[in-house]
Amino acid sequence: MLALSDAGPPLLNRQRERTVLDGLLEDVRAGRGRALMLRGEAGVGKSALLRHTLEAAAGMRVVRAAGVESEMELAYAGLHLLVAPLLDGLEGLPGPQRDALGVAFGLRQGNPPDRFMVGLAVLTLLAEAAEERALLCVVDDTQWLDRSSAQVLAFVARRLLAEPVGIVFAAREPGREFQGLAELEVRGLAGPDAHTLLRSVIRFPLDDRIKERILAETNGNPLALLELPRGLSA
Ligand SMILES: Nc1ncnc2c1ncn2[C@@H]1O[C@H](COP(=O)(O)OP(=O)(O)OP(=O)(O)O)[C@@H](O)[C@H]1O
Ligand SMILES: [Mg+2]
């Protein structure tokens, strides 16, 4: 999960990904809503890229959340994490939207709300929050979002047109809900960068054959490169 306070080590490479993410922020600042799904296997560096995005979002308002595996059965738990800081705006929503979101979050009594209405409510809430300053939403580990939250966030992401609102998601394998969103596939580091990362964790000379084998087996996956040599000694 994205460690929210952790600045993390500097990223090796990732020029292509950073260019895409910086372009997204530029669009959002200019009032063109954008959504993007970072997709890639465990340990490949999605959260690290989200951290870069947060750092690059200076001057924007930021809200963030992550899917939590143990909360997957709790309807709207993930959405609640994301928009709780914006709930001051709840009372200003049109009645049906206010009621739907209020019931979804247990702030009001009522029948289980229509997800369409919850989606509209979140869209309005984000647009209102972005009136003063462009808004960036960052949602990590979306593979662990509860289904209601995933549906609502995907609905919102597809409708960010002329609002200064951006949403960047990350997932190992995005759920069906997110089909059709722009995706950026995150892959392992290329040879020289994988090499640099490996060298940064090995404090002794390493046989070239073993080094090559580690590089081949990890396929440039940064987490694997950091973890695999742990048990090795000279
Ligand atoms: N470009 C990079 N340069 C150096 N280190 C990196 C890079 N990308 C990721 N790392 C490091 O690799 C480890 C795994 O990265 P990260 O946590 O971002 O993976 P992830 O894709 O979010 O995985 P998961 O699906 O398990 O959440 C972290 O320690 C991170 O700091
Ligand atoms: Mg992660």
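Ligands are counted one by one from 1 in listed order, and the atoms in each one are counted from 1 as well. Side-chain atoms are counted along with the backbone in the values below, which use heavy atoms only and exclude waters and symmetry mates.
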Legend entry - Under 3.5 Å: N/O of Pro222 near N/O of ligand 1: no
Legend entry - Test log, rule salt bridge (Lys or Arg N to Asp or Glu O under 4.0 Å), inputs Glu212 and Arg209: CA-CA 5 Å; Glu212 289 313 316; Arg209 273 177 329 187; over 6 Å; no
Legend entry - salt_bridge(Arg29, Glu26) N-O dist < 4.0 Å: no
Inset, instruction - Kindly identify the option in Leu50, Asp141, Asn221, Leu12 whose heavy atom sits closest to atom 2 (C) of ligand 1. - result: Leu12
Legend entry - Charged N-O contact under 4.0 Å between Glu173 and Arg39: yes
Inset, instruction - Number the atoms of ligand 1 from 1 as they appear, then name those within less than 4.0 Å of a heavy atom of Leu189, with their elements. - result: 1 (N)
Legend entry - ligand 1 versus Leu226: contacting region, heavy-atom distance under 4.0 Å: side chain
Inset, instruction - Report yes or no: do Leu54 and Leu38 belong to one cluster of Ile/Leu/Val/Met/Phe/Trp/Tyr joined by side chain heavy-atom distances under 4.5 Å? - result: yes
Legend entry - ligand 1 contact by Gly43, heavy-atom criterion under 4.0 angstrom: yes
Inset, instruction - For ligand 1, indicate whether the residue Asn13 contacts it via side chain, backbone, both or neither (heavy-atom separation under 4.0 Å). - result: neither
Legend entry - Exercise: identify the closest heavy-atom pair between Glu71 and Asp146: O-CB, 3.9 Å
Inset, instruction - Mind checking side chain to side chain contact (heavy atoms under 4.5 Å, CB included) for Leu197 and listing every partner two or more places apart, or none if nothing turns up? - result: Leu12, Leu189, Ser200, Pro222, Leu225, Leu226
Inset, instruction - Report yes if Ser47 has an N/O atom closer than 3.5 Å to an N/O atom of ligand 1; otherwise report no. - result: yes
Legend entry - By salt bridge (charged side-chain N to carboxylate O under 4.0 Å, His left out) - contacts of Glu69 (at least two apart): none
Legend entry - Val44 heavy atom under 4.0 Å from ligand 1: yes
Legend entry - ligand 1 N/O within reach of Ala48 N/O, cut-off under 3.5 Å: yes
Inset, instruction - Could you tell me which atoms of ligand 1, counted from 1 in the order shown, lie closer than 4.0 angstrom to a heavy atom of Arg172? - result: 24 (P), 25 (O), 26 (O)
Inset, instruction - Using heavy-atom distances, let me know which of Pro10, Ala42, Gly45, Ala66 sits nearest atom 15 (O) of ligand 1. - result: Gly45
